[in-house]
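When a ligand or atom number is given, it counts from 1 through the structure's own listing order.
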Amino acid sequence: MFPQNIDLHCHSNVSDGMLPPADLVARAAGQGVTVLALTDHDDVAGLAQARDAAKELGLCLINGVEVSVSWGTHTLHIVGLNIDPEHPALVAGLEAIRAGRSERAIRMAEQLTKAGIPNSLAGAYQHADNPNLIGRMHFARYLVAQGLVKDVRTVFKKYLVKGKPGYVSHQWADLADAVGWIRASGGQAVIAHPGRYQMGSSKMHELLEAFKAAGGEGIEVVTGSHTPEQYPHFANLAQKFGLLSSRGSDFHAPGEGYRDIGRLPPLPDMCTPIWQDWDCK
Ligand code: AMP
Ligand code: MN
Ligand code: MN
Ligand code: MN
(Lines give C-alpha, C1' and ligand atoms only; values in the text may rest on other atoms or scores of the structure.)
(Ligands and ions follow the chains in the order given, each with its own letter.)
Protein backbone atom coordinates (compact mmCIF):
# COMPACT_ATOMS: atom_id res chain seq x y z
CA MET A 1 0.00 0.00 0.00
CA PHE A 2 1.00 3.62 -0.46
CA PRO A 3 1.93 6.13 2.11
CA GLN A 4 -1.07 8.41 2.36
CA ASN A 5 -0.16 11.72 0.77
CA ILE A 6 -2.34 11.34 -2.29
CA ASP A 7 -3.62 14.38 -4.19
CA LEU A 8 -5.98 13.60 -7.06
CA HIS A 9 -7.07 17.06 -8.23
CA CYS A 10 -4.93 20.00 -9.34
CA HIS A 11 -4.41 22.39 -12.24
CA SER A 12 -1.44 23.53 -14.31
CA ASN A 13 -1.18 26.44 -16.75
CA VAL A 14 -2.58 24.14 -19.42
CA SER A 15 -5.92 25.17 -17.91
CA ASP A 16 -6.43 27.82 -15.23
CA GLY A 17 -3.57 26.99 -12.88
CA MET A 18 -0.45 29.15 -12.91
CA LEU A 19 2.42 26.64 -12.76
CA PRO A 20 3.69 24.72 -15.78
CA PRO A 21 3.10 20.96 -15.33
CA ALA A 22 6.71 20.18 -14.41
CA ASP A 23 6.78 22.93 -11.75
CA LEU A 24 3.47 21.72 -10.36
CA VAL A 25 4.83 18.18 -10.01
CA ALA A 26 7.96 19.55 -8.33
CA ARG A 27 5.85 21.52 -5.88
CA ALA A 28 3.80 18.40 -5.10
CA ALA A 29 6.96 16.37 -4.52
CA GLY A 30 8.27 19.12 -2.25
CA GLN A 31 5.08 18.90 -0.19
CA GLY A 32 5.52 15.16 0.22
CA VAL A 33 2.90 14.02 -2.31
CA THR A 34 3.56 10.46 -3.46
CA VAL A 35 0.62 9.98 -5.84
CA LEU A 36 -0.56 12.95 -7.90
CA ALA A 37 -3.28 13.30 -10.52
CA LEU A 38 -3.02 16.30 -12.85
CA THR A 39 -6.64 17.17 -13.68
CA ASP A 40 -6.68 20.19 -15.97
CA HIS A 41 -10.06 21.45 -17.13
CA ASP A 42 -11.09 19.93 -20.48
CA ASP A 43 -7.51 19.33 -21.67
CA VAL A 44 -4.87 16.63 -21.28
CA ALA A 45 -2.01 18.53 -22.92
CA GLY A 46 0.00 18.82 -19.69
CA LEU A 47 0.19 15.13 -18.89
CA ALA A 48 3.29 14.27 -20.93
CA GLN A 49 5.39 16.99 -19.28
CA ALA A 50 4.02 16.09 -15.87
CA ARG A 51 4.92 12.45 -16.43
CA ASP A 52 8.54 13.27 -17.32
CA ALA A 53 8.88 15.38 -14.16
CA ALA A 54 7.21 12.72 -12.01
CA LYS A 55 9.60 10.08 -13.29
CA GLU A 56 12.58 12.20 -12.36
CA LEU A 57 11.23 12.98 -8.91
CA GLY A 58 9.99 9.46 -8.17
CA LEU A 59 6.34 10.18 -7.64
CA CYS A 60 3.44 8.38 -9.21
CA LEU A 61 1.55 10.45 -11.78
CA ILE A 62 -2.05 9.57 -12.53
CA ASN A 63 -3.42 10.72 -15.89
CA GLY A 64 -6.41 12.92 -15.08
CA VAL A 65 -8.80 15.51 -16.47
CA GLU A 66 -11.68 17.61 -15.09
CA VAL A 67 -14.55 17.65 -17.55
CA SER A 68 -17.09 20.52 -17.61
CA VAL A 69 -20.66 19.22 -17.71
CA SER A 70 -24.17 20.68 -17.85
CA TRP A 71 -26.82 18.76 -15.94
CA GLY A 72 -30.16 20.52 -16.16
CA THR A 73 -29.49 24.05 -14.98
CA HIS A 74 -26.36 22.99 -13.07
CA THR A 75 -22.75 23.14 -14.15
CA LEU A 76 -20.83 20.17 -12.75
CA HIS A 77 -17.25 19.02 -12.89
CA ILE A 78 -16.43 15.36 -13.42
CA VAL A 79 -12.88 14.24 -12.77
CA GLY A 80 -11.50 11.36 -14.81
CA LEU A 81 -8.68 9.35 -13.22
CA ASN A 82 -6.37 6.88 -14.97
CA ILE A 83 -7.71 7.93 -18.34
CA ASP A 84 -5.97 7.24 -21.62
CA PRO A 85 -5.28 10.78 -22.89
CA GLU A 86 -5.10 9.50 -26.47
CA HIS A 87 -8.44 7.73 -26.55
CA PRO A 88 -10.31 9.08 -29.63
CA ALA A 89 -13.72 9.54 -27.96
CA LEU A 90 -12.21 11.42 -25.04
CA VAL A 91 -9.97 13.50 -27.29
CA ALA A 92 -12.90 14.48 -29.52
CA GLY A 93 -15.19 15.24 -26.59
CA LEU A 94 -12.65 17.50 -24.91
CA GLU A 95 -11.93 19.27 -28.18
CA ALA A 96 -15.61 20.12 -28.58
CA ILE A 97 -15.75 21.54 -25.05
CA ARG A 98 -12.70 23.71 -25.71
CA ALA A 99 -14.28 25.12 -28.87
CA GLY A 100 -17.29 26.09 -26.76
CA ARG A 101 -14.99 27.90 -24.32
CA SER A 102 -13.60 30.18 -27.03
CA GLU A 103 -17.10 31.09 -28.15
CA ARG A 104 -18.24 31.66 -24.55
CA ALA A 105 -15.28 33.98 -23.92
CA ILE A 106 -16.45 36.28 -26.72
CA ARG A 107 -19.90 36.50 -25.14
CA MET A 108 -18.42 37.10 -21.69
CA ALA A 109 -16.30 39.97 -22.99
CA GLU A 110 -19.35 41.53 -24.67
CA GLN A 111 -21.20 41.43 -21.38
CA LEU A 112 -18.26 42.92 -19.50
CA THR A 113 -17.99 45.72 -22.06
CA LYS A 114 -21.64 46.55 -21.39
CA ALA A 115 -20.81 46.59 -17.68
CA GLY A 116 -18.11 49.21 -18.33
CA ILE A 117 -15.06 46.95 -18.65
CA PRO A 118 -13.73 47.09 -22.22
CA ASN A 119 -11.01 44.96 -23.85
CA SER A 120 -11.39 42.02 -21.50
CA LEU A 121 -11.18 39.42 -24.28
CA ALA A 122 -7.63 40.38 -25.27
CA GLY A 123 -6.84 40.89 -21.60
CA ALA A 124 -8.03 37.45 -20.59
CA TYR A 125 -6.05 35.85 -23.41
CA GLN A 126 -2.92 37.56 -22.09
CA HIS A 127 -3.41 35.55 -18.92
CA ALA A 128 -4.17 32.26 -20.67
CA ASP A 129 -0.97 30.33 -21.32
CA ASN A 130 -3.06 27.86 -23.33
CA PRO A 131 -5.34 29.95 -25.58
CA ASN A 132 -7.47 26.88 -26.34
CA LEU A 133 -8.56 26.73 -22.73
CA ILE A 134 -9.81 30.20 -21.99
CA GLY A 135 -11.90 30.40 -18.82
CA ARG A 136 -13.36 32.64 -16.18
CA MET A 137 -10.18 32.56 -14.10
CA HIS A 138 -8.25 34.26 -16.92
CA PHE A 139 -10.79 37.07 -17.02
CA ALA A 140 -10.57 37.30 -13.23
CA ARG A 141 -6.78 37.59 -13.25
CA TYR A 142 -6.97 40.27 -15.93
CA LEU A 143 -9.39 42.39 -13.88
CA VAL A 144 -7.13 42.04 -10.84
CA ALA A 145 -4.02 42.93 -12.88
CA GLN A 146 -5.83 46.05 -14.15
CA GLY A 147 -6.38 47.11 -10.58
CA LEU A 148 -10.15 47.00 -11.06
CA VAL A 149 -10.80 44.43 -8.32
CA LYS A 150 -8.64 43.41 -5.37
CA ASP A 151 -8.54 39.63 -5.84
CA VAL A 152 -9.97 36.87 -8.00
CA ARG A 153 -12.43 35.74 -5.36
CA THR A 154 -14.01 39.19 -5.41
CA VAL A 155 -14.07 39.27 -9.23
CA PHE A 156 -16.09 36.06 -9.24
CA LYS A 157 -18.48 37.41 -6.64
CA LYS A 158 -19.03 40.73 -8.40
CA TYR A 159 -18.84 39.75 -12.06
CA LEU A 160 -18.50 36.08 -12.94
CA VAL A 161 -21.12 34.03 -11.12
CA LYS A 162 -24.75 33.46 -12.11
CA GLY A 163 -26.73 36.69 -12.03
CA LYS A 164 -23.65 38.94 -12.35
CA PRO A 165 -22.85 41.04 -15.44
CA GLY A 166 -19.99 38.95 -16.88
CA TYR A 167 -21.71 35.59 -16.44
CA VAL A 168 -23.11 33.92 -19.52
CA SER A 169 -24.94 30.63 -19.45
CA HIS A 170 -23.24 27.93 -21.43
CA GLN A 171 -23.92 24.38 -22.57
CA TRP A 172 -21.08 22.06 -21.54
CA ALA A 173 -20.89 18.30 -22.12
CA ASP A 174 -23.73 15.95 -21.28
CA LEU A 175 -23.18 14.06 -17.99
CA ALA A 176 -23.57 10.58 -19.49
CA ASP A 177 -21.30 11.49 -22.41
CA ALA A 178 -18.54 12.78 -20.11
CA VAL A 179 -18.67 9.68 -17.90
CA GLY A 180 -18.80 7.55 -21.05
CA TRP A 181 -15.63 9.10 -22.55
CA ILE A 182 -13.76 8.65 -19.28
CA ARG A 183 -14.82 5.01 -18.99
CA ALA A 184 -14.19 4.27 -22.67
CA SER A 185 -10.63 5.46 -22.17
CA GLY A 186 -10.16 3.08 -19.24
CA GLY A 187 -10.62 5.68 -16.50
CA GLN A 188 -12.77 6.10 -13.41
CA ALA A 189 -15.23 9.01 -13.19
CA VAL A 190 -15.46 11.04 -9.99
CA ILE A 191 -17.86 13.85 -9.05
CA ALA A 192 -15.68 16.85 -8.20
CA HIS A 193 -16.37 19.03 -5.13
CA PRO A 194 -20.08 18.12 -4.72
CA GLY A 195 -20.37 20.57 -1.84
CA ARG A 196 -19.99 23.47 -4.27
CA TYR A 197 -23.13 22.73 -6.23
CA GLN A 198 -26.10 24.73 -5.05
CA MET A 199 -28.36 21.71 -4.67
CA GLY A 200 -30.77 20.53 -2.03
CA SER A 201 -30.52 17.00 -0.79
CA SER A 202 -33.13 15.46 -3.09
CA LYS A 203 -31.45 17.01 -6.15
CA MET A 204 -28.08 15.72 -4.93
CA HIS A 205 -29.56 12.23 -4.57
CA GLU A 206 -30.98 12.50 -8.09
CA LEU A 207 -27.52 13.49 -9.35
CA LEU A 208 -25.83 10.57 -7.60
CA GLU A 209 -28.38 8.17 -9.11
CA ALA A 210 -27.87 9.60 -12.60
CA PHE A 211 -24.10 9.53 -12.18
CA LYS A 212 -24.12 5.89 -11.04
CA ALA A 213 -26.48 4.92 -13.85
CA ALA A 214 -24.01 6.48 -16.33
CA GLY A 215 -21.16 4.38 -14.89
CA GLY A 216 -19.66 6.89 -12.44
CA GLU A 217 -17.69 5.35 -9.60
CA GLY A 218 -16.37 7.99 -7.24
CA ILE A 219 -16.98 11.22 -5.39
CA GLU A 220 -14.64 13.76 -3.85
CA VAL A 221 -15.06 13.72 -0.09
CA VAL A 222 -11.97 15.59 1.03
CA THR A 223 -11.28 18.52 -1.29
CA GLY A 224 -9.97 22.04 -0.89
CA SER A 225 -13.48 23.18 -1.83
CA HIS A 226 -15.14 21.51 1.18
CA THR A 227 -15.28 22.64 4.77
CA PRO A 228 -14.24 20.00 7.33
CA GLU A 229 -17.93 19.71 8.30
CA GLN A 230 -18.70 18.57 4.77
CA TYR A 231 -16.25 15.62 4.88
CA PRO A 232 -18.45 13.31 6.99
CA HIS A 233 -21.55 14.44 5.08
CA PHE A 234 -20.15 13.36 1.72
CA ALA A 235 -18.48 10.29 3.26
CA ASN A 236 -21.97 9.18 4.30
CA LEU A 237 -23.40 9.87 0.86
CA ALA A 238 -20.54 7.92 -0.73
CA GLN A 239 -21.34 4.96 1.47
CA LYS A 240 -25.08 5.23 0.88
CA PHE A 241 -24.66 5.29 -2.91
CA GLY A 242 -21.81 2.77 -3.07
CA LEU A 243 -19.31 5.29 -4.41
CA LEU A 244 -15.54 5.25 -3.90
CA SER A 245 -14.06 8.30 -2.20
CA SER A 246 -11.44 10.68 -3.56
CA ARG A 247 -9.19 13.35 -2.10
CA GLY A 248 -7.72 16.35 -3.92
CA SER A 249 -6.65 19.89 -3.20
CA ASP A 250 -7.94 21.54 -6.41
CA PHE A 251 -4.74 23.58 -6.25
CA HIS A 252 -4.47 26.32 -8.90
CA ALA A 253 -1.70 28.74 -7.92
CA PRO A 254 0.51 29.61 -4.96
CA GLY A 255 -1.37 31.97 -2.65
CA GLU A 256 -4.59 31.90 -4.67
CA GLY A 257 -7.16 30.38 -2.32
CA TYR A 258 -8.19 26.79 -1.59
CA ARG A 259 -5.66 24.38 -0.10
CA ASP A 260 -2.08 24.01 -1.14
CA ILE A 261 -1.19 20.89 -3.03
CA GLY A 262 -0.85 17.80 -0.81
CA ARG A 263 -2.12 19.64 2.28
CA LEU A 264 -5.39 17.96 3.15
CA PRO A 265 -6.54 15.69 5.95
CA PRO A 266 -6.95 11.97 5.19
CA LEU A 267 -10.26 10.49 4.09
CA PRO A 268 -12.63 9.62 6.94
CA ASP A 269 -12.12 5.98 8.05
CA MET A 270 -15.50 4.87 6.73
CA CYS A 271 -14.52 5.72 3.13
CA THR A 272 -13.33 3.24 0.55
CA PRO A 273 -10.54 5.09 -1.28
CA ILE A 274 -10.78 5.25 -5.06
CA TRP A 275 -7.10 4.23 -5.17
CA GLN A 276 -7.65 0.98 -3.24
CA ASP A 277 -6.96 -1.29 -6.22
CA TRP A 278 -4.50 0.93 -8.04
CA ASP A 279 -1.18 -0.46 -9.01
CA CYS A 280 0.87 2.70 -8.93
CA LYS A 281 4.27 2.47 -10.50
P1 AMP B 1 -14.83 28.03 -16.04
O2 AMP B 1 -14.62 26.54 -16.19
O3 AMP B 1 -14.10 28.82 -17.07
O4 AMP B 1 -16.27 28.40 -15.93
O5 AMP B 1 -14.15 28.45 -14.69
C6 AMP B 1 -14.33 27.71 -13.52
C7 AMP B 1 -13.13 27.93 -12.63
O8 AMP B 1 -13.21 29.20 -12.03
C9 AMP B 1 -13.05 26.96 -11.47
O10 AMP B 1 -12.37 25.80 -11.85
C11 AMP B 1 -12.24 27.73 -10.48
O12 AMP B 1 -10.87 27.66 -10.84
C13 AMP B 1 -12.69 29.14 -10.72
N14 AMP B 1 -13.77 29.57 -9.81
C15 AMP B 1 -15.07 29.28 -9.89
N16 AMP B 1 -15.78 29.89 -8.92
C17 AMP B 1 -14.88 30.60 -8.22
C18 AMP B 1 -14.96 31.47 -7.10
N19 AMP B 1 -16.14 31.72 -6.51
N20 AMP B 1 -13.82 32.03 -6.64
C21 AMP B 1 -12.65 31.78 -7.24
N22 AMP B 1 -12.51 30.98 -8.32
C23 AMP B 1 -13.61 30.41 -8.78
MN1 MN C 1 -10.22 26.01 -12.19
MN1 MN D 1 -13.92 22.17 -10.49
MN1 MN E 1 -10.51 21.79 -10.37
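- Listed by number with element, the atoms of ligand 1 under 4.0 angstrom from any heavy atom of Gly135 are 3 (O).
- Taking distances strictly below 2.8 Å, the protein N/O/S atoms close to the Mn ion (ligand 2) are Asp16 OD1, Asp16 OD2, His41 NE2, His252 NE2.
- Judged as a side-chain hydrogen bond (donor to acceptor under 3.5 Å, both in side chains), and not counting sequence neighbours, the contacts of Glu217 are Gln188.
- Annotation for ligand 1: atoms under 4.0 Å from non-hydrogen atoms of Met137 are 12 (O).
- The side-chain hydrogen bond (donor to acceptor under 3.5 Å, both in side chains) check on Glu229 picks up Thr227, with sequence neighbours excluded.
- Side-chain atoms of Ser15 never come within 3.5 Å of backbone atoms of Asp40 as a donor-acceptor pair (strictly under, hydrogens ignored).
- No hydrogens or angles considered: nothing links the side chains of Arg101 and Asn132 as a donor-acceptor pair under 3.5 Å.
- Shown here is Glu56, whose CD atom has no more than 12 heavy atoms of other residues, nucleotides or ligands within 6.0 Å.
- A salt bridge links Arg98 with Asp43; the closest basic N to acidic carboxylate O contact falls under 4.0 Å.
- Contact check on Asp16 versus Arg141 returns no salt bridge, with no Lys/Arg side-chain nitrogen under 4.0 Å from an Asp/Glu carboxylate oxygen.
- The residue from Met108, Arg104, His41 that puts a heavy atom closest to atom 1 (P) of ligand 1 is Arg104.
- Considering backbone and side-chain N/O of His252, one or more are found under 3.5 Å from N/O of ligand 1.
- By the 3.5 Å distance cut-off applied to N or O atoms, Arg136 is counted among the residues near ligand 1.
- Contact annotation: Val152 has no heavy atom less than 4.0 Å from any atom of ligand 1.
- Look at Arg107 and Glu103 and you find a salt bridge, because one of the NZ, NE, NH1 or NH2 atoms lies within 4.0 Å of a carboxylate O, short of that distance.
- Using a 4.0 Å cut-off between heavy atoms, Asp16 contacts ligand 1 through its side chain alone, with no backbone atom that close.
- Using a 4.0 Å cut-off between a side-chain N of Lys or Arg and a carboxylate O of Asp or Glu, Asp7 and Arg247 do not qualify as a salt bridge.
- Selection from Phe139, Phe156, Tyr167 by nearest heavy atom to atom 23 (C) of ligand 1 gives Phe156.
- Within the listing of ligand 1, atoms 1 (P), 2 (O), 3 (O) sit less than 4.0 angstrom from a heavy atom of Arg101.
- Those atoms of ligand 1 that come under 4.0 Å of a heavy atom in Arg196, given as number and element, are 15 (C), 16 (N).
- When you scan the N, O or S atoms of His9 for the one nearest the Mn ion (ligand 4), you land on NE2.
- Scanning for side-chain hydrogen bond (donor to acceptor under 3.5 Å, both in side chains) contacts around Arg183 gives an empty result, with sequence neighbours left out.
- Residue Phe234 holds its CZ atom at 15.0 Å from CD of Gln239, rounded to the nearest 0.5 Å.
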